[in-house]
Structure formats: structure tokens, C-alpha cells
Asker: 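Encoded as C-alpha cells, here's the structure I'll be asking about.
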Number of protein chains: 2
Amino acid sequence: MKPKTAAAQVGRPRGFDVDEALDRALRLFWRQGYEGTSLSDLTEQLGINRPSLYAAFGNKESLFRKALDRYVERHLVLYRDAFDRPTARAAVEHLLLGLADAQTLPREPKGCITVQGALVSGADAAPIQGELAARRAAGEQALRERIEQGQREGDVPAHVDCADLARYFTTVSQGMAVQAATGASREDLRRVARTSLLAWPPA
Amino acid sequence: MKPKTAAAQVGRPRGFDVDEALDRALRLFWRQGYEGTSLSDLTEQLGINRPSLYAAFGNKESLFRKALDRYVERHLVLYRDAFDRPTARAAVEHLLLGLADAQTLPREPKGCITVQGALVSGADAAPIQGELAARRAAGEQALRERIEQGQREGDVPAHVDCADLARYFTTVSQGMAVQAATGASREDLRRVARTSLLAWPPA
DNA sequence: CTACATCTATACCAATCGGTACACATCCCG
DNA sequence: CGGGATGTGTACCGATTGGTATAGATGTAG
């Protein structure tokens with residue numbers, strides 16, 4: 001058996017930066033959706049020709065998944081920051097306002113790729129559609145657990161149904177993504193987020 | 001110049017019902033989105049071959065628009081019913097609960113075609129994307145005007161920003177569409193709707 | 001019946017889709 | 001200088017895309 005520290009640099013080196021290429025692919029999928037982005041769009045925008053793209057990332061579907069991973073990874077710090085707040089309500093407020101910002105970043109596509117990447121699709125894109133649905137469900141589940149933690153710690157009233165509350169705020173954040181994709185401003189979204197918080201259950 | 005009451009029945013009659021074909025097309029676009037629905041999907045599902053479809057409805061884009069018109073027309077009665085309620089708050093409540101039902105009809109695709117028909121897209125579908133955005137904006141505008149009416153009539157506090165409130169509830173309804181497309185139940189959506197109403201501005 | 005208008009069916013179009021074969025270029029190792 | 005491993009570029013693949021030409025089928029009008 002050969003050593004696992006395989007030769008790092010053998011053969012002709014890559015002519016492009018893998019991470020930057022992934023970022024560009026992410027932006028394309030984000031702005032046009034999975035089905036709306038063609039291989040020609042990708043090769044043109046990444047400045048890479050087709051065989052290089054396939055050698056580096058596999059097929060279109062696996063390229064999307066790799067780009068999506070980067071996207072989700074960046075959002076994890078937002079969730080972590082938010083959930084570190086002392087109360088569930090503060091966590092939700094931080095999360096929603098943070099999402100309002102993330103969905104209206106100046107030089108990035110507007111909205112959220114987990115919503116607009118493949119909300120519905122034809123049969124070919126069904127696996128991607130399912131993957132995105134699973135990511136959204138994971139976010140909702142994480143939020144629910146944070147609210148349940150608040151309930152255990154006493155800052156959320158005992159009578160509250162945490163699953164319902166998590167679903168409500170998740171729904172608001174997904175609606176914000178639709179609004180962002182349609183051109184709503186960051187301030188618009190932040191107002192929506194703050195209004196939604198008025199529904200927080202009173203003590 | 002020939003009389004405008006053109007011969008109604010001359011030549012070989014149609015072998016299919018136009019309205020039923022439009023309904024089937026609507027369901028396809030609704031479930032798979034504009035880009036995710038191919039001409040082959042359509043001809044197969046409608047039981048019509050290609051030239052007949054083009055003769056009756058024009059190209060794919062105009063077929064989508066005709067199907068969309070039927071969809072929107074059906075929702076107009078919901079909006080009318082809701083807006084006839086005596087107060088703005090009752091109107092919004094009726095509207096949101098009605099949308100929860102409309103997005104989870106038993107034998108229909110889940111969600112809302114104005115959201116999932118083409119939330120984002122490639123360049124070809126940009127006109128459809130814009131059309132759907134315009135329809136969503138029209139719904140938000142109508143809701144805003146109903147809330148403003150409530151403000152004039154005194155059932156909405158004078159300090160309330162009606163545009164903000166309309167945007168908030170529109171955002172909730174669009175988030176509900178995302179949830180519905182992902183498989184949320186009617187009861188789930190109704191609970192979300194009722195929770196969102198807790199944010200209604202107190203008198 | 002014939003003449004005409006309309007719809008249907010088959011078969012096709014150029015363009016694009018996602019994906020790949022293959023020759024060549026460029027690196028490290030010896 | 002090879003030799004082997006890897007990446008790049010061109011040119012291509014079969015399948016599918018949206019859309020149409022054309023011939024035949026089926027109706028009304030005279």
C-alpha cells in the first residue's frame with residue numbers, strides 16, 4: 001500500500017483557482033437557478049473549458065453540490081452567532097436581521113440559493129430540488145432546537161409550541177428570500193423581519 | 001370589410017377542449033416551473049400534438065401566460081372576498097387562511113405558481129420571470145390599498161405604515177408558498193398564518 | 001357532389017443540452 | 001535528457017430543446 005500523503009504536485013498544474021471557480025459557479029446557480037444555468041454559461045463565466053471543469057468538479061450536479069456546500073458553510077457562522085445569544089428571542093432577531101443582510105449583499109445575487117436554486121423543477125433536477133428542500137428543513141430544525149433550548153432555560157413561555165414558532169420564522173425568512181430575489185431592499189427586509197418579531201409570544 | 005361576427009364553425013372542429021388543455025398546462029407549469037416543463041411534457045400531458053398546440057395557444061411563452069391568466073383569475077375571487085371584510089385585519093386574516101387552502105388543494109400542485117413558476121431563470125425565461133414578479137407586486141399593492149382603506153375608515157391605527165404592513169403579510173404568504181411546495185400541510189400553513197397575525201399593530 | 005376552411009399527424013429543422021475522446025501541453029522525478 | 005502523471009483545447013457525441021413544413025383528415029357552405 002502506498003503512503004496516503006500522495007504526491008501533491010505531479011503533472012501539469014491547474015490553470016485556475018478552484019475556490020474562485022466554485023464561487024463563480026455559486027453566483028451563477030444562485031442568480032439563475034440550477035435548471036437555468038447551462039454548462040456553456042458555466043464554462044464562459046468561470047473561464048474554464050469543459051473537460052477541465054469536469055475533471056475538477058465532476059458533472060453539473062456535483063458542481064452544484066460543491067458550490068452549495070460553500071454557501072451553506074458561510075451561513076453556519078451566522079446561525080452560530082445568532083444561537084449564541086442569551087435568549088431564543090434575541091437569537092431569532094439576530095438570525096432574521098442577519099438573513100436580511102445576507103440576502104441583499106452588495107455584489108452578490110439577491111435572495112437565497114436554497115430557495116431559488118430549484119424550488120420546483122423537471123425530473124432531471126429532482127435530486128437537487130430534494131437536496132435544497134433538505135437544507136431548508138435542516139435550518140428549520142436547528143431553529144426549533146434553539147427555541148426549545150430557550151423554553152428549557154425559561155426565556156420562552158412553557159405553553160409555546162416551539163415547532164410552530166420555528167416554522168413561522170422559517171416561513172418569514174423564506175418569504176424574505178422571495179422578496180429579495182424580486183428586488184426588495186435591505187431596509188425593506190429588515191422592516192419585515194422586525195415586524196415578524198411582533199408576533200413573538202408574550203410572557 | 002368582412003363582418004366581425006366571423007364564421008364560428010367552419011372547417012374541421014377541434015379534437016380537444018381548450019379550457020381543459022389550459023388547466024393541464026397550468027398544472028404542469030405549476031408543478032415543474034416554466035423552465036422545467038418541456039414541450040414534450042406538455043404535448044404528452046395534454047394529449048395534443050405539437051402543431052395543434054401551437055395553432056391554439058402560440059408558443060410556449062404565450063401558453064404559459066394564458067394558463068397563468070386562468071390561475072390569477074381564480075384567485076381574484078379570494079382577494080375580493082377577503083377585501084370585502086369589514087376591517088383590514090379581518091381582510092388579511094381571510095386572505096392568508098384562504099391562501100393556505102389554495103396552496104394545498106387536494107388534487108392540485110402545492111404552492112403558488114407566481115412564486116415557483118420562475119422565481120429565477122436563465123436569459124430565455126426572463127420575460128416570464130418578470131411577468132410573475134409583476135403579478136406578485138400587484139397582489140402586494142392591492143393588499144396595501146385595502147389596509148390603507150382600513151386606516152381611512154379608522155380600523156387601522158393612524159401611526160401604521162400600510163406599505164410596510166402589506167409587505168410583511170405578502171412576505172408571509174410567499175414564504176407559505178415555499179413551505180407548501182416543500183410539502184407543508186394545510187394545517188401547518190394555517191398555523192403560520194395565524195401566528196403571523198399576532199404581529200398586527202395593537203390599537 | 002365540389003370548394004373551402006380549419007385541424008391533425010408525421011416528420012423534420014437548427015440550436016442547444018450535458019458529457020466525453022483524444023491529441024497536445026506542462027509539470028515533477030530520475 | 002526521458003518517462004510518467006496531470007491539465008488544457010478542440011472537436012465531437014447522441015439526446016433533447018423549442019418550433020415548423022407539409023400532406024391528409026374532417027368539418028360547413030354552396
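Convention: sequence-line order gives letters A, B, ...; per-chain numbering from 1. What you are looking at is a predicted structure, and each value in this text was computed from that prediction instead of being measured.
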Asker: Within the pair A:S40 and C:dT16, is there a side-chain N or O less than 4.0 Å away from OP1 or OP2?
Answerer: no
Asker: Considering just the side-chain nitrogens and oxygens of A:N59, establish if one lies under 4.0 Å of OP1 or OP2 belonging to C:dG18.
Answerer: no
Asker: Please say which of B:D101, B:T104, B:T195 ends up in a side chain to side chain donor-acceptor pair (under 3.5 Å) with B:R190.
Answerer: B:D101
Asker: Could you state the CZ-P distance from B:R12 to D:dG27, rounded to the nearest angstrom?
Answerer: 7 Å
Asker: Can you sort out which residues in residues 16-37 of chain A have a heavy atom within less than 4.0 Å of DNA chain C? Ascending by number, please.
Answerer: A:T37
Asker: B:R14 has an atom CZ; how far is it from atom P of D:dT26, in whole Å?
Answerer: 17 Å
Asker: Less than 3.5 Å apart, any donor N or O on the side chain of B:R50 or B:S40 sitting next to an acceptor on the other?
Answerer: yes
Asker: In whole Å, what is the span from the CG atom of A:L42 to the P atom of C:dG18?
Answerer: 8 Å
Asker: Can you tell me the distance, in whole Å, between the CZ atom of A:F57 and the P atom of D:dT8?
Answerer: 10 Å
Asker: Within this structure, what is the CD-to-C1' distance between B:E61 and D:dT17, rounded to whole angstrom?
Answerer: 16 Å
Asker: Using 4.0 Å as the upper bound for N to carboxylate O, is an ion pair formed by B:R89 and B:D155?
Answerer: no
Asker: Output the rounded distance in Å from NZ (A:K60) to P (C:dC17).
Answerer: 9 Å
Asker: Would you check if there is a donor-acceptor pair between the side chains of A:Q149 and A:E153 at a distance under 3.5 Å?
Answerer: yes
Asker: Pair B:Q174, A:V172 - check side-chain contact (heavy atoms from CB on, under 4.5 Å), show working.
Answerer: CA-CA 8 Å; B:Q174 289 165 352; A:V172 169; over 6 Å; no
Asker: Check for me whether B:K60 meets the cation-pi criterion with B:Y34, that is, NZ or CZ under 6.0 Å from the six-membered ring centre and within 45 degrees of the ring axis.
Answerer: yes
Asker: Separation of A:L39 atom CG from D:dT17 atom P, in whole Å?
Answerer: 16 Å
Asker: Please tell me whether A:T170 and A:R136 have a donor and an acceptor in their side chains that are separated by less than 3.5 angstrom.
Answerer: no
Asker: May I have the distance from B:D124 (atom CG) to C:dA14 (atom P), rounded to whole angstrom?
Answerer: 20 Å
Asker: Using every non-hydrogen atom in the two residues, find where A:V192 and B:Y168 come nearest and quote the distance to one decimal.
Answerer: O-CD1, 3.9 Å
Asker: Taking only N and O in the side chain of A:S38, is any of them less than 4.0 Å away from OP1 or OP2 of C:dT16?
Answerer: no
Asker: Which residues within residues 46-55 of chain B lie with some heavy atom under 4.0 Å of an atom in DNA chain C?
Answerer: B:N49, B:P51, B:S52
Asker: Measure the NZ-CD distance between A:K66 and A:E61 for me, rounded to the nearest 0.5 Å.
Answerer: 10.5 Å
